[in-house]
Amino acid sequence: MLLAHLTRRRLEREAAALLRRRRVAASPCAPLQTVEDGRGRSRQLLNFGSNDYLGLASHPVIAAALAEGAQRWGAGSGASHLVTGHSLAHARLEGELARLLSPWVPDAAALLFCSGFMANLALLTTLGDGEAAIFADKLNHASLVDGGLLAAARMRRYPHGRLDLLDAMLRDCEQPIRLIVTDAVFSMDGDIAPLPALLELAERHDAWLIIDDAHGFGVLGPNGEGALAHYDLSSTRLIYMGTLGKAAGVAGAFVAAHPAIVDALVQSGRSYIYTTAMPPALAHALSASLKLITGEEGASRRRQLATLTAALRDRLSGLIARDPGRGWQLADSATPIQPLIVGDNAAALALASTLDAAGLWVPAIRPPTVPANTARLRITLSAAHTLDDVERLSTTLAACRPGGNGHA
Ligand SMILES: *Cc1c(COP(=O)(O)O)cnc(C)c1O
């Protein structure tokens, strides 16, 4: 019964061009990556799909710090943070993260999580109790949606960026505790949330602002401190969540917030309490990554990323202007996430597979990850790319026949 049911569901997905597949990489995360083709052969692709924005995932200094951390701390933490798994390596990293964010989150304390997904679940279920109401942008990441659904608080979602509607919702709210929650950089669109206006709303309506900076931490701000530094916004009402597996190149996440909020997460965040602490060796490697991010090397990698982003936008907008008949749209994004919106699911898949045949790995993103009829190629750039890489992607896209698969 179950297996027949699952087969039927899978066939439906397939018919809607929504089947998801994994691909096996046979080399470290880098612009040039070897993948297995499933028939025992491998080939090299130019990767435009990772979130390794600074090219740190296989940086030798961080890999060496990971090895050194393993020499010093072994492989595993052995238990959750509240039992016996909390180490000096974790505590030191939390101190570094708290100091890094403290200009924008005054007196911040920081708390490490194994992943951003778990950090968001803990935040929304802990703060979003029966006294609270949650207000969420409709394009927020799945982990924020799920956190809001698990929370006792009522969650209301406002259309992407519609602060006028959010304002009205807040005005109507009778709950004493109000939480506004938003991606800082929207993960499938690349646009940056209007955080100053959101904070102003939070202040006016006595609300708190939870910011998920998965794609901004390391990338935005003068020293990679993220979206708050980018806008130079400071307030105790800010609750910051940054992830450590994207630009930081390792794994994990952290919350930086008022110490009472961090303490509440330790007391009752179930996805904090009931899980094994990340290996201390990872925390050790992350301290090395933070040093790179905030130092001269991080700054030069962010400059390279900005150069590549401008070059790609220039090439793609030229291409779209010359041939509007393709129906492609370049999202309005100033970040290394540069989605090319195609619309139809099958057309997006066909375009991704044409690129694949040319040796380019660009993921097609389809509903429900993005709204219906906005299937897209989610092009992401890394500081490890070169201008030649960007050139190769643009030239290959220019040669793709619009509607060549009969679906567009
Ligand atoms: C990736 C991502 C997460 C989840 O972080 P992980 O550490 O990968 O679990 C949360 N929010 C946003 C916006 C993300 O893009």
Side-chain angles (χ1 to χ4, degrees), residues 20 22 29 49-54 56-57 90 93 97 110-125 134 136-151 155 157 160-161 179-195 198 209-220 226-228 230 239-257 265 269-272 275-279 282-283 285-286 289-290 293 331 333 335-339 363 365 368-371 376 378-382:
R20 300 175 191 264
R22 298 179 304 171
C29 174
S50 86
N51 300 313
D52 181 24
Y53 303 119
L54 296 182
L56 298 183
H90 298 114
L93 177 60
L97 290 164
L111 190 70
L112 272 180
F113 286 83
C114 290
S115 76
F117 205 114
M118 295 168 82
N120 282 340
L121 292 189
L123 263 177
L124 292 185
T125 56
I134 296 172
D137 190 291
K138 274 217 172 118
L139 293 190
N140 278 351
H141 188 260
S143 56
L144 290 173
V145 176
D146 288 7
L149 292 173
L150 275 176
M155 175 167 62
R157 300 174 74 192
H160 181 52
L179 308 166
I180 303 170
V181 55
T182 185
D183 280 20
V185 175
F186 287 88
S187 50
M188 297 301 139
D189 295 78
D191 56 323
I192 306 178
L195 299 180
L198 282 165
L209 180 57
I210 301 176
I211 289 167
D212 174 341
D213 203 20
H215 301 278
F217 185 71
V219 173
L220 299 176
L228 297 179
H230 170 80
I239 300 169
Y240 183 88
M241 196 290 293
T243 66
L244 302 168
K246 289 172 178 160
V250 185
F254 69 99
V255 169
L265 294 171
R270 295 169 67 85
S271 56
Y272 182 74
T275 195
T276 301
M278 74 159 62
L282 290 188
L286 279 162
S289 168
L290 275 194
I293 289 173
S333 158
T335 66
I337 303 172
Q338 291 293 329
I365 307 285
T369 309
V370 293
R376 63 197 67 188
R378 179 178 182 268
I379 303 168
T380 54
L381 293 167
S382 161

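One-based numbering, in listed order, for ligands and for the atoms of each.
- Residue S187 has no nitrogen or oxygen atom sitting less than 3.5 Å from a nitrogen or oxygen atom of ligand 1, judged on distance alone.
- At least one heavy atom of S143 lies less than 4.0 angstrom from ligand 1.
- Considering every non-hydrogen atom in both P339 and M188, the closest pair reads CG-O, 3.2 Å.
- When non-hydrogen atoms are compared, ligand 1 lies under 4.0 Å from the backbone of S115 as well as from its side chain.
- Every atom of ligand 1 with a heavy atom of D212 under 4.0 Å away is listed here by number and element: 10 (C), 11 (N), 12 (C), 13 (C).
- The minimum heavy-atom distance linking R376 with P371 is given by the pair NH2-CD, 4.3 Å.
- Counting atoms of ligand 1 from 1 in the listed order, those under 4.0 Å from a heavy atom of H215 are 14 (C), 15 (O).
- No N or O atom of V185 sits closer than 3.5 Å to an N or O atom of ligand 1.
- Put simply, the side chain of D183 gets close to the backbone of H141: a donor and an acceptor are under 3.5 Å apart.
- The K246 neighbourhood of ligand 1 comprises atoms 1 (C), 2 (C), 3 (C), 14 (C), 15 (O), with distances under 4.0 Å to a heavy atom of that residue.
- The line from CG of L144 to CG of D146 is 9.0 Å long, rounded to the nearest 0.5 Å.
- Closest approach of G190 to T335, counting heavy atoms only: O-OG1, 2.8 Å.
- Residue F117 has at least one nitrogen or oxygen atom sitting less than 3.5 Å from a nitrogen or oxygen atom of ligand 1, judged on distance alone.
- Nearest to atom 3 (C) of ligand 1 among the protein's heavy atoms is H141 CE1, 3.4 Å.
- Side chain to side chain, D191 and H160 meet the donor-acceptor criterion of an N or O pair below 3.5 Å.
- In the vicinity of D183, heavy-atom distances shorter than 4.0 Å reach the ligand 1 atoms 13 (C).
- Those atoms of ligand 1 with a heavy atom of A214 less than 4.0 angstrom away are 2 (C), 11 (N), 12 (C), 13 (C), 14 (C), 15 (O).
- Considering backbone and side-chain N/O atoms, T243 never comes within less than 3.5 Å of an N/O atom of ligand 1.
- In this structure, F113 and Y272 have perpendicular ring planes: the angle between them is above 60°, well past the 30° mark.
- Partner N120 forms a side-chain hydrogen bond (donor to acceptor under 3.5 Å, both in side chains) with one of N140, T125, D212 and no other, that one being D212.
- Counting heavy atoms under 4.0 Å from ligand 1, residue N120 touches it through the side chain alone.
- Nearest heavy-atom pair across L286 and A251 is CD1-O, 3.3 Å.
- Closest to atom 5 (O) of ligand 1 among all protein heavy atoms lies G116 CA, 3.3 Å.
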